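All values reported here derive from a predicted model rather than from experimental measurement. Proteins get letters first, then strands, A, B, ... in listed order; numbering begins at 1 in each.
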Amino acid sequence: EDQVTQSPEALRLQEGESSSLNCSYTVSGLRGLFWYRQDPGKGPEFLFTLYSAGEEKEKERLKATLTKKESFLHITAPKPEDSATYLCAVQPMYSGGGADGLTFGKGTHLIIQP
Amino acid sequence: DAEITQSPRHKITETGRQVTLACHQTWNHNNMFWYRQDLGHGLRLIHYSYGVHDTNKGEVSDGYSVSRSNTEDLPLTLESAASSQTSVYFCASSESGQRIPFFGPGTRLTVL
């Protein structure tokens, strides 16, 4: 059974204070690891997909990295507008049983204080 | 601009009633999904479809059904609503090649 565990559950940072969010996963074969941002009352917004260990992707103050067991979302010099819940999800390699559907973690609720 | 929409955005119903939540996408994506999001559980897959007339059960499909009569729409039906189905429901779609699901704005359903 595919599993995704995110930590911490909640994180409060001061503006400009860099940190990292963790996503540990177990999956029979990984097609892709996804990061989404979710604001209150809205649907998840796609950020990144990572496909192989060692891969990195960046977008503004966010950088996602991937190893064979976990992914990190690094946030550099965050601003209050980066406050949101960040969701990690895995997509299995093999078809059948919802192969294109994602298994999600419970998310990390990030608050950036001015 | 292409998009994915859900309706209604909020719905209150009573136990035992049939409820249908609509999902419409204009990206011409083959793949469509329904998830529910509950505190403490994260997003869980209910049903999915890889094309017209194709439907499949996900992790938490009991009490739900879907039908796919065209590419754009995947309505989710709760045959007999239960209080345990109070949740926020998200529809998503993806193209067969890129396989990145994009989500709609959600429907908050309350079953009294």
Side-chain angles (χ1 to χ4, degrees), chain A residues 1-10 21-25 27 29-52 55 57 59 64 84-109, chain B residues 2-7 9-10 21 23-25 27 29-51 54-61 64 66 74 87-109:
Chain A
E1 183 181 332
D2 302 335
Q3 286 192 325
V4 178
T5 303
Q6 292 188 245
S7 62
E9 291 184 8
L21 312 183
N22 178 262
C23 172
S24 299
Y25 65 91
V27 63
L30 181 69
R31 178 183 299 280
L33 185 138
F34 295 72
W35 282 99
Y36 288 84
R37 169 191 171 127
Q38 187 174 25
D39 293 300
K42 296 190 176 181
E45 175 189 347
F46 172 73
L47 293 174
F48 305 109
T49 309
L50 302 168
Y51 295 101
S52 57
E55 188 175 0
K57 287 191 177 174
K59 179 180 180 179
T85 297
Y86 290 86
L87 304 174
C88 173
V90 295
Q91 188 178 68
M93 177 72 74
Y94 305 106
S95 61
D100 278 20
L102 303 180
T103 298
F104 281 85
K106 296 178 182 179
T108 293
H109 182 51
Chain B
E3 61 177 356
I4 183 167
T5 57
Q6 294 183 235
S7 62
R9 294 296 313 279
H10 301 271
L21 309 182
C23 175
H24 179 80
Q25 53 97 2
W27 283 308
H29 286 167
N30 284 329
N31 306 332
M32 295 185 73
F33 311 86
W34 274 103
Y35 290 84
R36 60 178 289 175
Q37 187 174 40
D38 305 286
L39 207 59
H41 284 280
L43 284 149
R44 292 180 290 174
L45 184 63
I46 305 171
H47 279 287
Y48 59 99
S49 168
Y50 290 143
D54 175 74
T55 61
N56 305 279
K57 294 181 179 181
E59 177 190 356
V60 290
S61 61
Y64 303 94
V66 293
L74 187 70
S87 186
V88 182
Y89 291 86
F90 290 100
C91 179
S93 70
S94 68
E95 60 177 3
S96 299
Q98 194 178 40
R99 296 169 120 162
I100 298 173
F102 292 92
F103 285 80
T107 293
R108 181 175 295 276
L109 177 68

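The minimum heavy-atom distance between A/Phe34 and B/Pro101, with the atom names listed, is CE2-CD, 3.9 Å. Minimum interatomic distance between A/Gln91 and B/Arg99 (heavy atoms only, all atoms of both residues): NE2-O, 3.2 Å. Across all their heavy atoms, A/Gln38 and B/Phe90 have their closest contact at NE2-CZ, 3.4 Å.
Within 6.0 Å of CZ in B/Arg44 there are more than 12 heavy atoms belonging to other residues, nucleotides or ligands.
Interface summary for chain B: among A/Lys42, A/Lys106, A/Glu45, the most heavy-atom pairs under 4.5 angstrom belong to A/Lys106.
The distance from atom CZ of A/Phe104 to atom OH of B/Tyr35, rounded to the nearest 0.5 Å, is 5.0 Å. Considering OG1 of A/Thr85 and CD of B/Gln37, their distance stands at 8.0 Å, rounded to 0.5 Å.
Residue A/Phe48 does not touch chain B at all, counting heavy-atom pairs closer than 4.5 Å. Only the side chain of B/Arg9 has a heavy atom closer than 4.5 Å to any heavy atom of chain A.
By the ring pair (Phe, Tyr, Trp, His ring centres under 6.0 Å) test, B/His29 is found to be paired with B/Trp27, residues two or more places apart in sequence or in another chain being considered.
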Please lay out, stage by stage, how B/Phe33 and A/Leu102 fare under the test side-chain contact (heavy atoms from CB on, under 4.5 Å).
CA-CA 10 Å; B/Phe33 311 86; A/Leu102 303 180; over 6 Å; no
